Student: 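Structure below; questions to follow.
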Amino acid sequence: MTSTSPGHKRVVRLTGEEFRALLPDALAIYVAAMNYPPGTAQQRAPMWLTHILRAGWRSVAAFDSDDTLVGLAYGYRGSPGQWWYEQVRRGVLHHKDEATADAWLSDYFELTEIHVRPDHHGRGLGETLLRTLLDGVEQRHVLLSTPEGPTRAWRLYRRLGFVDVLRHYHFAGDPRAFAVLGRTLPLP
Ligand SMILES: CC(C)(COP(=O)(O)OP(=O)(O)OC[C@H]1O[C@@H](n2cnc3c(N)ncnc32)[C@H](O)[C@@H]1OP(=O)(O)O)[C@@H](O)C(=O)NCCC(=O)NCCS
């Protein structure tokens, strides 16, 4: 599927092979967008490649008019045994109850990463990426985690109707406070 977005960016679905080929550029955008130290890219590369193999994996990318990668998003079907699933379940069981955990976690798509090159922020490209990624996803919910706001990412998620699943949550090994947000699919 191909979408157009403000500024005439081309937003397309990627195959695993295309994602693999774009990985260095994708990680450069991730590091720039998140303001992480450059070494983070090397550390993340094997994990992003392993994710391609997960059930329901899908990815979208945005290209400028000269075919330069300017944004990407990916995710997959969440399931028991995955680190993120287990962390979120632990949090929901601790702060809420089993029924709430089951309601959110029994059938969801994990939005794992969404990043736009900083010089393209604030023009609607993130929303186009997210809508294109989620178009046709079969799961009942989409879930994500994001550092506690306020950030542009927060504005995007709230605008698209994401609600709180967990707030000020600490994933194992990370001192930062995160929110876990979710909503039903499909998006309106
Ligand atoms: C989060 C992120 C992907 C969002 O992408 P983005 O393109 O900057 O954001 P959006 O698509 O939401 O852009 C909407 C903004 O563009 C503006 N805009 C301009 N023209 C627009 C249009 N035609 N359609 C929609 N929005 C438009 C909106 O007013 C809105 O402004 P606001 O964010 O100040 O409210 C991006 O900011 C990013 O990479 N951030 C750093 C990394 C990050 O936090 N990733 C998520 C981690 S969980």
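Owing to the predicted nature of the structure, the values given are computational and were not obtained by experimental measurement. Counting starts at 1 for both ligands and their atoms, following the listed order.
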Student: Using the rule given for side chain to side chain contact (heavy atoms under 4.5 Å, CB included), can you reason through V116 versus L129, listing the C-alpha separation, both sets of side-chain angles and the distance that settles it, and then say yes or no?
Tutor: CA-CA 9 Å; V116 168; L129 280 168; 3.8 Å; yes
Student: Using distance alone, decide if ligand 1 has a nitrogen or oxygen within less than 3.5 Å of any nitrogen or oxygen in V116.
Tutor: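 Yes - when backbone and side-chain N and O of V116 are compared with those of ligand 1, one distance drops under 3.5 Å.
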Student: Among R58, Q139, R54, find the one that has a side chain to side chain donor-acceptor pair (under 3.5 Å) with Y76.
Tutor: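 Result for side chain to side chain donor-acceptor pair (under 3.5 Å) with Y76: R54.
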Student: Does a donor on one side chain sit under 3.5 Å from an acceptor on the other, for S79 and Q82?
Tutor: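 There is such a pair between these side chains.
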Student: Is the closest N or O pair between A33 and ligand 1 shorter than 3.5 Å?
Tutor: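 No, A33 has no N/O under 3.5 Å of an N/O on ligand 1.
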Student: I'd like to check whether P147 has a polar contact with ligand 1, where a contact means an N/O of the residue lying under 3.5 Å from an N/O of the ligand.
Tutor: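 Such a contact does not occur with ligand 1.
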Student: Got an N/O contact under 3.5 Å between R123 and ligand 1?
Tutor: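 Indeed, backbone or side chain, R123 has an N or O that close.
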Student: With no hydrogens and no angle check, just 3.5 Å: does a side-chain donor-acceptor pair link H115 and E113?
Tutor: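 Their side chains do contain a donor-acceptor pair, which is all the 3.5 Å distance test asks for.
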Student: Does ligand 1 have any atom that is closer than 4.0 Å to a heavy atom of I114?
Tutor: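 So I114 counts as touching ligand 1.
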Student: For R117, is the nearest heavy atom under 4.0 Å from an atom of ligand 1?
Tutor: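 No, that is not the case, since the closest heavy atom of the residue is not under 4.0 Å from the ligand.
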Student: Distance only, no hydrogens: is a donor on one side chain within 3.5 Å (strictly under) of an acceptor on the other, for S145 and W84?
Tutor: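 Yes, because at least one side-chain N or O of S145 sits under 3.5 Å from a partner of the opposite role on W84.
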Student: So, regarding H121 and ligand 1 (criterion: nitrogen or oxygen to nitrogen or oxygen, under 3.5 Å), is there a contact or not?
Tutor: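 It does: an N or O of H121 is found under 3.5 Å from an N or O of ligand 1.
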Student: Considering only heavy atoms of S145, which atoms of ligand 1 have at least one such atom less than 4.0 Å away?
Tutor: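 Checking each atom against S145, I get 48 (S).
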Student: Decide whether the shortest distance between a heavy atom of Y157 and an atom of ligand 1 is less than 4.0 Å.
Tutor: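 Contact check Y157 vs ligand 1: positive.
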Student: Counting from 1, what ligand 1 atoms have a heavy atom of M34 closer than 4.0 Å?
Tutor: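 Reading through ligand 1 atom by atom, the close ones are 42 (C), 43 (C), 44 (O), 45 (N).
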Student: Need the ligand 1 atom indices (1-based, order shown) with element for anything under 4.0 Å from a heavy-atom of L125.
Tutor: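 Reading through ligand 1 atom by atom, the close ones are 7 (O), 11 (O).
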Student: May I have the step-by-step check of ring pair (Phe, Tyr, Trp, His ring centres under 6.0 Å) for W57 and H51, ending in yes or no?
Tutor: CA-CA 7 Å; W57 178 91; H51 287 165; 9.6 Å; no
